[in-house]
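So you know, we letter chains A, B, ... as the sequences are listed, proteins then strands, and number each from 1.
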2 protein chains.
Amino acid sequence: MKNNRQTLQNAQLKVTHARQVILDFFIAEKRPVAADEIVIYLEKKKCETDKATVYRILETFCEKGIINKMEFGEGKFRYEIAGTEHHHLVCEKCGRIEDFSDCNIEELEKEIARKKKFLVKRHSLEFYGLCTQCQR
Amino acid sequence: MKNNRQTLQNAQLKVTHARQVILDFFIAEKRPVAADEIVIYLEKKKCETDKATVYRILETFCEKGIINKMEFGEGKFRYEIAGTEHHHLVCEKCGRIEDFSDCNIEELEKEIARKKKFLVKRHSLEFYGLCTQCQR
DNA sequence: TTACTTGCAAAGGCTTTGCATCGCC
DNA sequence: GGCGATGCAAAGCCTTTGCAAGTAA
């Protein structure tokens, strides 16, 4: 929690209860969470917060690079703590999302810069299929 | 247009005016289009169609594998004619979407199967950055 | 104090659904 | 004729916005 305070201060953000609890949640979960999950978590933690505020905090955290915004074809966004860049394996049956590192597509990015003169800033790579459980 | 009729019939779909015009549009555009673009196009073509119908046609086309559904962080879906699998370069400034083939990540998929025992069925790979125009 | 943050209510954008009617095969 | 497709209206989600009140620094 002390650590969270520091993180927020470093980002030049005022330390509020909601922000601290949400940051806690992201650090604990280490997975892409949706806005409604956060609202529910806040309720559990007796830190009820309006969803408008949650969305505003999410936006702020994104701007400060504390979290990343992403989507998995669900028609809504998910957010994950930044820092450990990786990709995701999305199970099409149960919705479980696993992490996967080492994508190693720098080569591809160079090729794109060369062939298309497109300046790549970031990429998004998701694999869809069946997780171990759901293959049975 | 004759060709479209055949495509629809092969998919066991009734040949309606809206379906033909929408299929035309996908074939002509060869790019990911959003639902509202389709509604506007249909108006232009004097084939005004309710958006509910457009969404239902899009869903049907997806189920039949005629088009693919995808997203680019816009908070809405886009759809593209199936067949020529490729990835996209999304300009963060002007929103332009270019194609890019040859992603060559079969190796990565094998690695995922081995390491994670996850059965990869498809993947989604998008690059975000600046297109040639917007780099100036 | 003062600028930033929040709550509440409302609206906005995209997408889906129910139901009666229409039209392709 | 029958089943599937469409139009219309409404609702459902997710997300954003305006404004007044609250609060961290």
Transitively linked via ILVMFWY side-chain contacts under 4.5 Å: A/Leu108 with A/Phe100? yes

Summarise how protein sits on nucleotides 10-15 of chain C as a single string, 5' to 3': B when a protein heavy atom is under 4.0 Å from the base, S for sugar-phosphate-only contact, - for no contact. ----SB

Students often get this wrong, so: under 4.0 angstrom with heavy atoms, is A/Glu71 touching a base, only sugar-phosphate, or nothing? nothing

Test side chain to side chain donor-acceptor pair (under 3.5 Å) applied to B/Glu126 and B/Ser124, step by step: CA-CA 7 Å; B/Glu126 300 85 36; B/Ser124 142; 2.6 Å; yes

Start at the 5' end of DNA chain D and walk down; is the nucleotide closest to B/Asp50 or to A/Asp50 reached first? B/Asp50

Would you mind writing out the side-chain donor-acceptor pairs for residues 50-66 of chain A within the sub-3.5 Å range, not counting sequence neighbours?
from    : atom 1 : to      : atom 2 : distance (Å)
A/Asp50 : OD2    : A/Ala52 : N      : 2.9
A/Thr60 : OG1    : A/Arg56 : O      : 2.8
A/Lys64 : NZ     : A/Ala11 : O      : 3.2

Would you grab the first and last nucleotide of DNA chain D (5' to 3') that comes under 4.0 Å of any non-hydrogen atom in chain A? D/dC14 to D/dA25

Assess the side chains of A/Glu109 and A/His123: does a donor N or O sit below 3.5 Å from an acceptor N or O? yes

As an exercise, state the distance from CD1 of A/Ile67 to CD1 of A/Ile81, rounded to the nearest 0.5 Å. 7.5 Å

Name the nucleic acid region contacted by A/Thr49, choosing base, sugar-phosphate or nothing; use a 4.0 angstrom heavy-atom cut-off, strictly under. sugar-phosphate

Could you write nucleotides 19-25 of chain C as a row of B, S and -, 5' to 3', where a protein heavy atom under 4.0 Å of any base atom gives B, of only sugar-phosphate atoms gives S, and otherwise -? ----BBS

Hey, does A/Val120 have a side-chain heavy atom less than 4.5 Å from the side chain of A/Arg122? no

Just by distance, do the side chain of B/Glu71 and the backbone of A/Gly73 share a donor-acceptor pair under 3.5 Å? yes

State, with a plain yes or no, whether a side-chain heavy atom of A/Arg31 is found less than 4.5 Å away from one of A/Glu98. no

Quick check: A/Phe127 with A/His87 (ring centres under 6.0 Å apart)? no

Answer yes or no: is there a donor N or O on one side and an acceptor on the other, between the side chain of B/Lys116 and the main chain of A/Cys131, under 3.5 Å? no

Sub-3.5 Å donor-acceptor pair from the side chain of B/Glu85 to the main-chain atoms of B/Gly83, do we have one? yes

Angle class for the A/Tyr79/A/Phe26 ring planes (parallel below 30°, perpendicular above 60°, tilted otherwise)? perpendicular

Could I get the full list of side-chain contact (heavy atoms from CB on, under 4.5 Å) partners for A/Leu119, not counting sequence neighbours? B/Leu130, B/Gln135

Rounding to 10°, can you tell me the angle the first-five-pair axis of the helix from C/dT1-D/dA25 to C/dC25-D/dG1 makes with its last-five-pair axis? 40°

